[in-house]
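The basis for the numbers below is simple: all heavy atoms, side chains too, and nothing from hydrogens, waters or symmetry mates. Position 1 is the first residue of the sequence; numbering continues from there.
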Amino acid sequence: QVQLVESGGGLVQAGGSLRLSCAASGRTFSPAMGWFRQAPGKERDFVAAISWSGGNTYYADSVKGRFTISRDNAKNAVYLQMNSLKPEDTAVYYCAAGYSRAGTRPREYDYWGQGTQVTVSS
């Protein structure tokens, strides 16, 4: 079992920045981590993913160039640095852990955090 807890969400104005953190605990740290987001009435969408080594990352087109995913395996943590935030980024952001390669689909992940709210105003 792996438990994930997100933090760092909040309310910011367009153009601002936030850094989300995901702390993992439990038996082991998953080889692959990802971030997804979900707005009311919408599907849970892929945001970013990272491999165990951190050398393989992938981003949704909507966030590429603005968001950066990283991880610190010594701390069992994964981060999402979000810059140049837009109102369209408003959503609940979820951290996910999986045992396969970093993927872009929710079904590729085995564990999920409870989410942290990010609200961007303009």
Side-chain angles (χ1 to χ4, degrees):
Q1 282 279 7
V2 176
Q3 293 80 46
L4 306 175
V5 180
E6 304 96 335
S7 62
L11 193 159
V12 297
Q13 291 190 345
S17 298
L18 284 174
R19 181 179 172 88
L20 304 184
S21 298
C22 175
S25 63
R27 302 268 187 257
T28 60
F29 189 49
S30 177
M33 303 290 292
W35 286 96
F36 292 75
R37 65 188 182 186
Q38 187 168 27
K42 303 188 69 177
E43 295 184 1
R44 187 167 298 188
D45 293 327
F46 170 76
V47 176
I50 188 168
S51 63
W52 170 256
S53 68
N56 187 11
T57 60
Y58 187 80
Y59 298 92
D61 289 342
S62 59
V63 306
K64 191 172 181 62
R66 300 187 298 120
F67 292 9
T68 302
I69 188 171
S70 62
R71 68 191 300 166
D72 185 341
N73 291 344
K75 297 181 178 180
N76 285 344
V78 63
Y79 308 97
L80 185 68
Q81 178 66 46
M82 306 185 295
N83 299 324
S84 301
L85 283 162
K86 305 175 180 179
E88 307 90 87
D89 297 318
T90 296
V92 176
Y93 283 69
Y94 297 90
C95 176
Y99 295 110
S100 64
R101 61 197 299 175
T104 62
R105 293 163 291 186
R107 63 179 177 271
E108 297 179 81
Y109 294 86
D110 303 292
Y111 303 99
W112 295 85
Q114 293 300 118
T116 185
Q117 178 71 47
V118 172
T119 302
V120 184
S121 63
S122 181

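- Smallest separation of non-hydrogen atoms from Leu85 and Val12: CD1-CG2, 3.5 Å.
- The two residues Ala39 and Ala91 come nearest to each other via the heavy atoms N-CB, 3.9 Å.
- Of the inter-residue distances, the one linking Leu80 atom CG with Thr116 atom OG1 reads 11.0 Å to the nearest 0.5 angstrom.
- The heavy-atom pair separating Ser51 from Ala102 by the smallest distance is N-CB, 4.1 Å.
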Show me the side-chain donor-acceptor pairs of residues 56-65 shorter than 3.5 Å, one per line, residues at least two apart or across chains.
unit_1, atom_1, unit_2, atom_2, d
Tyr59, OH, Ile69, N, 2.8
Ser62, OG, Arg37, NH2, 3.4

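- Partners of Ala23 by side-chain contact (heavy atoms from CB on, under 4.5 Å), not counting sequence neighbours: none found.
- Applying the ring-ring contact (aromatic ring centres under 6.0 Å, His included) criterion to Tyr93, with sequence neighbours excluded, gives no partner residue.
- Between Ser17 and Asn83, the shortest heavy-atom distance links the atoms OG-OD1, 2.9 Å.
- Applying the side-chain hydrogen bond (donor to acceptor under 3.5 Å, both in side chains) test to Ser121 and every residue at least two apart in sequence or in another chain returns nothing.
- Rounding to the nearest 0.5 angstrom, the gap separating the CZ atom in Arg105 from the CZ atom in Arg107 is 4.5 Å.
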With side-chain contact (heavy atoms from CB on, under 4.5 Å) as the criterion, how do Trp112 and Arg44 come out once you've worked through the C-alpha distance, each side chain's angles and the decisive distance to 0.1 Å?
CA-CA 12 Å; Trp112 295 85; Arg44 187 167 298 188; 3.4 Å; yes
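- Around CD of Gln3, the count of heavy atoms belonging to other residues, nucleotides or ligands within 6.0 Å exceeds 12.
- With sequence neighbours excluded, no residue forms a side-chain hydrogen bond (donor to acceptor under 3.5 Å, both in side chains) with Ser7.
- Taking the side-chain hydrogen bond (donor to acceptor under 3.5 Å, both in side chains) definition, one finds that Arg66 meets it with Asp89, sequence neighbours left out.
- In terms of the side-chain hydrogen bond (donor to acceptor under 3.5 Å, both in side chains) criterion, Glu6 has no residue partners (sequence neighbours excluded).
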Take Leu4 and Tyr94 through the side-chain contact (heavy atoms from CB on, under 4.5 Å) test and state the conclusion after the steps.
CA-CA 9 Å; Leu4 306 175; Tyr94 297 90; over 6 Å; no
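- Following chains of ILVMFWY side-chain contacts shorter than 4.5 Å, one cannot reach Phe46 starting from Trp35, and the two form parts of different hydrophobic clusters.
- Cluster partners of Leu11 are absent, since no Ile, Leu, Val, Met, Phe, Trp or Tyr has side-chain heavy atoms less than 4.5 Å from it.
- For the atom pair OG of Ser84 and NZ of Lys86, the computed distance is 8.0 Å after rounding to the nearest 0.5 Å.
- At a threshold of 4.5 Å between side-chain heavy atoms, the hydrophobic network of Ile, Leu, Val, Met, Phe, Trp and Tyr places Phe36 and Leu18 in two separate groups.
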Walk me through whether Phe67 and Leu20 qualify under side-chain contact (heavy atoms from CB on, under 4.5 Å).
CA-CA 10 Å; Phe67 292 9; Leu20 304 184; over 6 Å; no
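- What you find for Tyr109 and Gly103 is that their closest heavy atoms are OH-O, 2.7 Å.
- Considering all non-hydrogen atoms of both residues, Val2 and Ala24 come closest at CG1-CB, 4.4 Å.
- Here the CE-CG distance, from Met33 to Asn73, works out to 9.5 Å after rounding to the nearest 0.5 Å.
- A donor-acceptor pair is defined here as one N or O able to donate and one able to accept, closer than 3.5 Å; no such pair exists between the side chain of Tyr79 and the backbone of Thr68.
- Applying the side-chain contact (heavy atoms from CB on, under 4.5 Å) rule to Gln117 yields the partners Thr90, Val92, Thr119; only residues at least two apart in sequence or on another chain are considered.
- Residue pairs meeting the disulfide bond (SG atoms under 2.5 Å apart) criterion with at least one partner in residues 60-122, sequence neighbours excluded, are Cys22-Cys95.
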